[in-house]
Amino acid sequence: MRGAEAMEDALALLASTGPEYAGGLSNHGPMAAEALVALGRADAVVPWVESYKSRLQPHPRSTRRIDPQEWREALGDPSRVTDWIAYFERACEAQPWTAVLAEWAPRLAPGVIAAAFHGVIRTAHAVRSLGLQDTPARRREFAEGLGYWAATYETLPDEPHRNAVRALPSQAIARVATLPADQRITGGNITHRLRPLASFPAFAAVTDEVDVSGDASLFLSDLTAAFAGVYCASVPPGSVITYIHTVTGPSAIRLLLPSLPLEAQRTLLRYAWQGAAALYAASGGRTLTQPPADPNASRDELIDRAIATGDEHAIKFTEACVREHALNPQPIYRTAMQQAVDRLG
C-alpha cells in the first residue's frame, strides 16, 4: 500500500509538468518514481519528486486534435506531443489500455530509439504501474508515455540483409562497426549524436544481425548483459548517460512483453537491438576484454547509494540492473550499478 500511495502522490505532483524541459531533456520524474517503488523504496518517492520537480516546465497546450484516420501526419512531430497524449487518453477511454498498447507498440517500434529510448521507457514504467493498479492517474501516465514516443518518433537506417548471420546480441556486437572518431558528434543531445549514422553505410544492415525468433526474455537478458559490459568498458568523461540508455532502453521492453502478441514482441526486440547498437556505433563503443569483478557492495547498499546521488539516471539504471540480475544473475549488472553510482554520485 505504501508503494501504491507513493506512486499516486508522485503522479499528482507531476501532473502539470511537461514531457521535456531545458530545451529537450526528458522528464524522468514519473519513471524514476516508479523505479523507486519497484525497488521497495516508497518512502523516498515523494521527497525525490518534490526536489526534482523544481527543474521541470509546465505541460504544453494542445494545438489540434489528431484524426484517427490520418495519424501518420502527426507522427514524429514534437510540437504535437500534447495532441498525441490527448489522442491516447481518448483511446484508453474507448478500450482497455492493453488493447491500445497491443495496437500501437508495433506501429511505434521502428522509432523506439526516439528521444534516446525515453518514449518506450516512460511507457514501460507506466505499464508496470498499471499492471499493479489501474487508476485514472496511471492511465494518464500511460498516455503521456505513448504520446511522447509518438511525437518524438524517429527511425534509424534499416536496410534488409538477406545473407546476415543472425545471432545473439552478445555475438552480433562484434560485427557492429563504429563511426570513425572524426565523424562522431560529441555535443548536443543523444539523438543528435546519432545523425551521422544516416551516411554510414556499415550501420544500415545492423538490424538483421540478430535472431529474434527464440525466447524473448532470454534475448533481452543477453542484450542487456552485453550492453552492461559496453557501459563498463566504454564510458569516458561525458558519456556516462549515453551508455546507460543501451541498458535501460532494451530492459524497458521486458515490461511490455506480457501485454503484447508474439509478433509485436519480436518487432520490438529487433529495434531495441538496433537502438542500442546505434548508440554504441555513434559513440565509438567498446566491449569488455575480461570478466568484471563482482563488487563487494550488496544489492541494498547499491540501491541506497543510487538514491543518495539524487540522480534520476542512477535510480533508473540501478532498478533496471537489479531487475535484469534477478533473471540473469551475472556479475556484470552489479559492476555496472557500482560504476554508475560512483560516476553519478
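The figures that follow rest on heavy atoms only: side chains count, while hydrogens, waters and symmetry mates do not. Starting from 1, each residue takes its place in the sequence as its number.
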Given Y87, W97, W149, the one that forms ring pair (Phe, Tyr, Trp, His ring centres under 6.0 Å) with W104: Y87
From CA spacing to verdict: side-chain hydrogen bond (donor to acceptor under 3.5 Å, both in side chains), R286, T178: CA-CA 9 Å; R286 295 178 294 169; T178 59; over 6 Å; no
Residue pair Q339, R343: steps toward the side-chain hydrogen bond (donor to acceptor under 3.5 Å, both in side chains) verdict: CA-CA 6 Å; Q339 290 195 17; R343 290 160 172 162; 2.8 Å; yes
Salt-bridge present (R55, E312; N to O < 4.0 Å): yes
R65/R90 under side chain to side chain contact (heavy atoms under 4.5 Å, CB included): CA gap, chis, key distance, verdict: CA-CA 11 Å; R65 188 183 180 100; R90 292 191 298 271; 3.2 Å; yes
Under 3.5 Å: donor-acceptor pair, side chain of S54, backbone of S51: yes
Under 3.5 Å donor-acceptor, Y243 side chain and S283 backbone: yes
Main-chain N/O of Y231 paired with S234 side-chain donor or acceptor, under 3.5 Å: no
CA sep, side-chain torsions, deciding dist, call: S251, E324, side-chain hydrogen bond (donor to acceptor under 3.5 Å, both in side chains): CA-CA 7 Å; S251 182; E324 294 299 325; 2.8 Å; yes
Sequence-distant partners of L288, side-chain contact (heavy atoms from CB on, under 4.5 Å), two or more places apart: C232, A233, P292, I332
L255 vs R323, side chain to side chain contact (heavy atoms under 4.5 Å, CB included): CA-CA, chis, key distance, verdict: CA-CA 10 Å; L255 304 179; R323 173 168 20 105; 3.8 Å; yes
Check against side chain to side chain contact (heavy atoms under 4.5 Å, CB included), W84 and Y148: CA-CA 7 Å; W84 273 113; Y148 188 46; over 6 Å; no
Carboxylate-amine/guanidinium contact R305 E301, below 4.0 Å: no
Pairing residues for H325 by the side-chain contact (heavy atoms from CB on, under 4.5 Å) criterion, not counting sequence neighbours: P329, Y333, R334
Ion pair R64/D83, N-O distance below 4.0 Å: no
Worked check of side-chain hydrogen bond (donor to acceptor under 3.5 Å, both in side chains) between R193 and T242: CA-CA 10 Å; R193 291 174 221 156; T242 298; 2.7 Å; yes
Side-chain donor/acceptor of T246 to backbone N/O of A276, under 3.5 Å: no
Side-chain donor/acceptor of S26 to backbone N/O of H28, under 3.5 Å: no
Distance, nearest 0.5 Å, that separates CZ of F219 from CZ of R270: 10.5 Å
Passing candidate, side-chain contact (heavy atoms from CB on, under 4.5 Å) with E34, options K316, R122, R128, E141: R128
Counterpart residues, side chain to side chain donor-acceptor pair (under 3.5 Å), relative to D222 (two or more places apart): S170
Side-chain donor or acceptor of W48 paired with backbone N/O of I307 under 3.5 Å: no
Polar side-chain atom of N27 near backbone of G29 as donor-acceptor pair, under 3.5 Å: yes
Ionic contact status for R2 with D43, cut-off 4.0 Å: yes
Whether H125 side chain and T123 backbone form a donor-acceptor pair below 3.5 Å: no
R138 and E8: CA distance, side-chain angles, deciding distance, side chain to side chain contact (heavy atoms under 4.5 Å, CB included) verdict: CA-CA 8 Å; R138 296 180 193 212; E8 292 296 303; 2.7 Å; yes
Modelled atom types, side-chain donor and acceptor of D77 and S79, under 3.5 Å: yes
Heavy atoms from other residues, nucleotides or ligands near CG of D215 exceed 12 (cutoff 6.0 Å): yes
Donor-acceptor pair between T191 and N189 side chains, under 3.5 angstrom: no
Residue that, paired with W273, satisfies side-chain contact (heavy atoms from CB on, under 4.5 Å) out of V206, L220, D208: V206
Residues T135 and R140: side-chain donor-acceptor under 3.5 angstrom: no
Distance in Å, L56 CG paired with L14 CG, rounded so as to fall on 0.5 Å steps: 6.5 Å
